[in-house]
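One structure is given here, and the rest of the page talks about it.
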Amino acid sequence: MSSENGKRLLETDAGGLNFEATELTLGLPGEPRVTSDGGAKLGSKRGFSETVDLKLGDNNREVKLGHSLQEAAKSPVSKTQVVGWPPVRGFAKRGKKSCKYVKVAVDGAPYLRKVDLEIYNSYQQLLTSLEDMFSCFTIRNYLNEKKIEQVNGIEYMPTYEDKDGDWMLVGDVPWQMFVESCKRLRLMKSSEAVGLGLTTGPKYSSTN
Amino acid sequence: MNYFPDEVVEHVFDFITSHKDRNSVSLVCKSWYKIERYSRQRVFIGNCYSITPQRLIARFPGLKSLTLKGKPHFADFNLVPHDWGGFVDPWIKALAKSRIGLEELRLKRMVVSDDSLELLSKSFPNFKSLVLVSCEGFTTDGVAAIAANCRFLRELDLQENEVEDHRGHWLSCFPESCTSLVSLNFACLKGEINLASLERLVARSPNLKSLRLNRVVPLDTLQKLLMRAPQLVDLGIGSYVDDPSSEVFSKLKAVIQLCNSIRSLSGFLEVAPCCMSAIYPICENLTFLNLSYAPGLQGNDLTKLVQHCRKLQRLWILDCIGDKGLGVVASTCKELQELRVFPSDPFDAGNAAVTEEGLVLISAGCPKLNSLLYFCHQMTNAALITVAKNCTNFIRFRLCILDPVKADPVTNQPLDEGFGAIVRSNKSLKRLSLSGLLTDQVFLYIGMYAKKLEMLSIAFAGDSNKGMLYVLNGCKKLRKLEIRDCPFGDVALLEDMGKYETMRSLWMSSCEVTLGACKILAKKMSSLNVEIINESEQLEFSLDDRLLVDKMYLYRTLVGHRKDKPEYVLLL
């Protein structure tokens, strides 16, 4: 079988890696990491999530990298992490103040942002921060129903995807509970939401 | 010895307690085998698939204490898929059916169900001790069954398990008549418990020596518990947050002064740095301090605390203590034998909390150091060589440089020489974990010098098959070898197939081993189970033998293929 169908066969020509070719540079997020090209190798399923800078060492050395790193090197993503590294059991539970990054999508924006929910203490803070981040938008603020000055006339409703995969309106549950269950945020155009009867939100105290 | 009656020989054997020694004794002759097997009470099975419960029961009718281990070590780092195996259920069922008077069960990396726990609790009237480490599959209902039914329970020790928490009532299941507890550790449970029940339980357990609380136990309960149990030797604090000017906190300070038996302190699952000063009075007696789960303590807080711990023998800490903090440890803790420094943020090199400097300071200041687990952002050969000069007693040396394949930042060289120095000067080394940029050379050194090495963990290292071969040929005592992401392939795997019979197991993932080679190995060695873990959607095992295998786990066994393998495991 040739390597055209993407299967990872034993390469007898184990030529050295050209460092220039594998040098990692900063760039926009690339294509998805799953080797979906016909199930390349027997039993591969690597998750690539957050990133670590790979300094691949001296340019004069030809170093055979483990497979995970070869994959990482080929990726246009600037930094990649491999599964199971660092080898710390239950790493997320150790010591560090938890940080919970979730993606924020805004209808109509070409790219997403990420926010760390742990740095906020209330819905108010979060929404204010999101407004700053996407400064040309305004977000419908349910918490105190005040009319935020609309810059470009488009209003957005903050929604989030919870642990069960359901899309929920931001603000219904206590803040801590929201932080724990929120997987990602989406600022939905109010005009879309109108038809769904979601124009009035819960009255939830921002001091929760 | 054959001139003595069996009872005398048996009495002599009573003094032989290590598993290894008893195993050796049983091999001397038939008569000794027989005497040994009837008198054996404690059995250790390092791989639950190497033998069946039936054969265990048949050989050791007097069994009282069983230790079982299930999944391979790399399961701790998510490299082994869910449901791979390691089920304790068949063991408990078989033991329950037999006449074995089980008193103690210790499990590591096994899958335990509530039903198993319930059966366990009801089948052995003298059951005394349950220790579960890194297990999963059960809920607090199973724990409740143990509490309710084991009338003479002395030890319930849950360490780092994944337990589904059904909240609260399990603790109340200890009957009022239960007064035998010596050790209770539920730190890994996430849910609420009935605090009043806990207080009453502690109050009626005069023999309680070890108590490790979970995060929901607040400081004021801690204070009440310590009032009831000032005899504690080992304390794991749950939540340690309060206002230092509060009355509760003053009471706590007062009662802690009475707890002068405490030698081991851990937990602090939630902590307010300003409360740490209350701990200082007991620090001078501590031999073990574990702050590796304490969020939010800064370097200074840690350093100030450690300064009081002159008798410390084991320290587990987060890397935010920094190199300077480690310097303080080095000058304070002259009795230190074991140090573990965990990463608080492995992805942020900017926060480089500990480096090679901290390690060098420790090696210079702590002459008794024999066990190390050190996560750092960088390491140099020079530092390792210095450490090797200062410390020649290492039994365990595990170094994890967070950036895989990172070279010596000063010389840009691989770390071969540094690790080489470590193995050369530490002749008693039994366990070694490597990291950083490494070539075949480091393995040459390991094969040459690490003659007592039993366990070796390798990641992202080496250039060719030679690396693996150096190790397999040179390390005569090797029992466990685990390799990930190294360019080792068929030639290395197949060179000395008999070697694997002398080892417990071999793990190779993301290496260059082909399916064909694994098949050859499996065919030749009937005493090995060769498992291929295949997680991709296509389960077409009739694939090309030239395919590189992603995960292979092989282990010696007396009982052939296991019957409980999941679909994605291919047993060759």
- request: Flag the pair A:V88 / B:P343 as yes when at least one side-chain heavy-atom distance between them is below 4.5 Å, and no otherwise.
  value: yes
Expected output: side-chain A:W85 to main-chain B:A459 donor-acceptor under 3.5 Å: no
message: For B:I401, which atoms come within 4.5 Å of any heavy atom of chain A: side chain, backbone, both, or neither?
response: backbone
- line: So, the part of B:F375 with a heavy atom under 4.5 Å from chain A: the answer is side chain
query: Take atom NZ in B:K565; do more than 12 heavy atoms of anything else shown fall under 6.0 Å from it?
result: yes
statement: If one checks every heavy atom of B:S457 against chain A at 4.5 Å, the contacting part turns out to be neither
task: Pick one of side chain, backbone, both or neither for B:A75, based on which atoms fall under 4.5 Å of a heavy atom in chain A.
output: neither
